[in-house]
Trainee: 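For reference, the structure I am asking about is given below.
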Amino acid sequence: MKWRTIVLPVLTAAALALSAGCSNGGGSADPGTTSSDAKSKVAADTGTPVTLKVAFFSSQDTFKQLTQNPVIKQKFPNVTFQYIKYADLDKAIAAGDAPDLINGIVSALADLEERGLKYDLGPLAKLLDIDLNKFERKKLEGIRSYGRNGELFGLPDNLEETSPYNTFALVYNKDIFDKFAVPYPKDNMTWDEAVDLARQFVRTDGGTEYKGLVAHAAPHFLAAQLGIEFVGADGKVNTSDPKWSELMRVNKRISVEQGGFLPKGGDLTHFYKTQNVAMYAGDAGDLFRSPDKFGASFQWDIATYPVFPGMAPHTVVGPNGGMWAVGATSKHKELALAVLDTILSPDVMKSIPNYDWWNHPNVQSKRLEALKNPNYPTTRANAYMQKYNLKFRAEIAKATESVSKDGVDINTALRTFQESFQKIIDADGVK
């Protein structure tokens with residue numbers, strides 16, 4: 001499927017009310033439920049007309065291709081699927097259409113609790129004999145990191161055999177490098193080395209203003225790569241870990257040493273649209289999965305995603321791409337997970353257009369080895385990290401901007417961030 005990084009919509013009062021009505025944002029299968037019970041419920045729901053509401057990340061056309069797949073239609077002939085645009089998720093909740101299935105990017109798992117949709121599907125998957133070994137182990141571990149105790153709140157949107165790559169990378173525009181006779185980036189560069197390289201392109205030439213580097217979703221992607229626990233399990237914010245200063249230092253370098261160039265969001269659009277930026281560091285999934293829209297004339301290649309000093313080579317932000325989750329408020333959880341298991345089968349996955357994007361003519365020639373076997377941060381999200389993920393993004397953006405644009409020193413910015421973020425948590429708390 002085609003995935004893009006998104007900005008999650010602001011929670012509405014209705015979404016928060018739904019969350020308040022769910023203990024810990026959901027739960028898991030009833031401890032008294034047996035495998036026979038779960039399978040009987042699937043059989044009962046399959047035998048009668050049922051509509052499953054699906055919050056879907058991609059287009060309605062892609063949704064139809066997936067849900068009208070012959071394998072799905074044959075196995076679940078009485079099931080119809082209602083499309084809900086993921087960006088309209090809060091509107092759907094407010095209208096009483098909370099989804100049975102949720103399809104989005106992996107990082108969206110951190111926000112399901114606030115929407116009252118978080119559901120541990122691990123126990124139910126076991127009852128329904130769903131084979132989790134078909135998924136890449138590191139991706140499952142990454143998803144489990146969003147649980148307080150290793151719960152499985154979602155599944156990768158693809159199988160190990162149909163998606164052997166992680167698409168976080170350092171992408172570079174070969175034409176710009178060639179124009180200024182600068183050697184191409186190497187694998188396992190540090191962020192400092194990437195910034196040093198980027199500085200060579202900060203110039204105006206022939207009336208075009210060039211920049212060196214777009215950093216995707218800085219600063220919170222940098223924090224995620226560092227594995228920063230932005231609030232402890234005790235609800236306390238503590239910025240004494242040297243990782244915090246390193247985050248601020250690198251974020252400052254990316255911005256200040258390029259004349260203040262650090263676009264908010266920093267997605268592929270900023271790299272590709274004007275083609276005056278030499279490098280992009282982030283999730284390049286759209287570039288790989290939809291290469292035709294970028295055109296064969298766009299000359300690019302990749303190196304591994306930059307790392308911080310002392311970090312394991314090829315450490316990325318986390319298992320990226322898409323995920324599927326079962327909504328905690330669904331009345332058809334067993335059926336929803338059974339349908340999901342079928343969607344996430346080789347027969348269905350291989351029917352998705354361009355599922356094997358690595359074989360596309362515009363992609364085959366790229367250095368795809370730079371996408372293989374990444375390392376992931378190991379920080380496990382606690383209850384407070386789950387609840388305050390969105391607020392953290394907003395507060396850390398303010399802090400890094402105060403350093404990069406206003407000249408505030410890093411220690412002062414971190415102290416201000418710690419105080420302001422702590423006030424937010426203390427005023428609310430985990431309910």
Side-chain angles (χ1 to χ4, degrees), residues 1-5 58 105-106 134-142 156-178 182-191 193-194 197 213-217 221 225 267-269 271-272 275 277-307 311-323 346 349-377:
M1 294 179 208
K2 300 175 182 178
W3 304 109
R4 297 178 179 84
T5 299
S58 195
I105 58 173
V106 171
K134 63 185 179 181
F135 301 106
E136 183 185 345
R137 179 181 58 82
K138 285 186 176 181
K139 287 188 176 181
L140 281 177
E141 289 175 353
D157 76 325
N158 47 49
L159 310 180
E160 184 166 19
E161 67 177 275
T162 61
S163 184
Y165 301 100
N166 181 293
T167 54
F168 267 89
L170 179 66
V171 187
Y172 53 94
N173 186 319
K174 295 173 70 175
D175 288 338
I176 295 178
F177 273 82
D178 292 344
V182 177
Y184 297 150
K186 299 178 180 179
D187 287 341
N188 301 318
M189 292 174 62
T190 65
W191 281 105
E193 289 171 331
L197 186 58
L213 175 67
V214 170
H216 187 191
F221 268 9
Q225 185 188 29
D267 59 24
L268 269 169
T269 303
F271 170 67
Y272 169 76
Q275 296 195 28
V277 181
M279 296 178 288
Y280 163 85
D283 185 357
D286 203 27
L287 187 59
F288 294 110
R289 298 185 181 98
S290 306
D292 288 335
K293 78 176 185 181
F294 293 94
S297 63
F298 179 38
Q299 298 298 307
W300 59 277
D301 212 328
I302 57 173
T304 55
Y305 190 66
V307 296
M311 184 175 283
H314 200 190
T315 295
V316 297
V317 171
N320 64 326
M323 65 84 194
M349 287 284 98
K350 291 179 180 179
S351 72
I352 297 171
N354 202 31
Y355 90 91
D356 58 342
W357 52 264
W358 50 90
N359 290 322
H360 190 285
N362 290 350
V363 175
Q364 274 185 324
S365 62
K366 309 308 178 187
R367 297 186 60 257
L368 296 181
E369 63 269 22
L371 304 178
K372 289 185 175 181
N373 303 314
N375 291 300
Y376 299 126

Trainee: How are the rings of Tyr280 and Phe271 set to each other: parallel, tilted or perpendicular (split at 30° and 60°)?
Mentor: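 The arrangement is tilted - the two ring planes meet at 30° to 60°.
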Trainee: Measure the CZ-CG distance between Phe135 and Asn158 for me, rounded to the nearest 0.5 Å.
Mentor: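 Reported to 0.5 Å precision, the distance equals 8.5 Å.
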Trainee: Applying salt bridge (Lys or Arg N to Asp or Glu O under 4.0 Å), name anything that partners Asp187, two or more places apart in sequence or on another chain.
Mentor: Arg367
Trainee: Indicate the atoms forming the closest heavy-atom contact of Pro306 with Ala194, along with that distance.
Mentor: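 Shortest heavy-atom contact: CG-CB, 4.2 Å.
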Trainee: What distance do Tyr165 atom OH and Glu369 atom CD have between them, rounded to the nearest 0.5 Å?
Mentor: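 If we round to the nearest 0.5 Å, Tyr165:OH and Glu369:CD are 9.0 Å apart.
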Trainee: Within the structure provided, determine whether Asn173 and Val277 are in side-chain contact (heavy-atom separation under 4.5 Å).
Mentor: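 SC-SC contact between Asn173 and Val277 ruled out.
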Trainee: Can you see which heavy atom on Met311 is nearest to which on Gln225, and at what distance?
Mentor: CE-O, 3.5 Å
Trainee: Do you know the tightest heavy-atom contact between Trp358 and Val363?
Mentor: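 Looks like CA-CG1, 4.0 Å.
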Trainee: Output yes when a side-chain donor or acceptor of Asn375 lies under 3.5 Å from a complementary backbone atom of Pro313, and no otherwise.
Mentor: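 Present.
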Trainee: Of all the heavy-atom pairs spanning Asp283 and His216, show the shortest one and how long it is.
Mentor: N-ND1, 3.1 Å
Trainee: Is the shortest heavy-atom distance from the side chain of Asn166 to the side chain of Tyr376 under 4.5 Å?
Mentor: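 In short, these two side chains touch, coming nearer than 4.5 Å.
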Trainee: With side chains defined as the heavy atoms from C-beta onward, is the minimum distance between Phe288 and Ile302 less than 4.5 Å?
Mentor: yes
Trainee: If we only count heavy atoms from C-beta on, is the Tyr305 to Leu170 side-chain gap below 4.5 Å?
Mentor: no
Trainee: Between Gln364 and Pro361, is there a donor-acceptor pair closer than 3.5 Å when you use the side chain of the first and the backbone of the second?
Mentor: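 Judged by distance alone, no pair lies under 3.5 Å.
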Trainee: Within the 4.5 Å heavy-atom criterion, are Thr167 and Arg289 side-chain neighbours or not?
Mentor: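 Thr167 vs Arg289: side chains touch.
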Trainee: Which heavy atom in Lys366 sits nearest to a heavy atom in Trp300, and how many Å separate them?
Mentor: NZ-O, 2.9 Å
Trainee: Apply side chain to side chain contact (heavy atoms under 4.5 Å, CB included) to Phe177 and list each qualifying residue two or more places apart in sequence or on a separate chain.
Mentor: Tyr172, Val182, Tyr184, Pro185, Leu197, Phe201, Ala278, Met279
Trainee: Backbone N or O of Asn188 within a donor-acceptor pair of the His314 side chain at under 3.5 Å?
Mentor: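 The answer is no, because no donor-acceptor pair under 3.5 Å joins these two groups.
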Trainee: What is the distance from atom CG of Leu287 to atom CG of Asn362, rounded to the nearest 0.5 Å?
Mentor: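 Answer for the CG-CG pair, Leu287 versus Asn362, is 9.5 Å.
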Trainee: Taking all non-hydrogen atoms of both residues into account, name the closest pair between Ala312 and Val307 and its distance.
Mentor: O-CG1, 3.9 Å
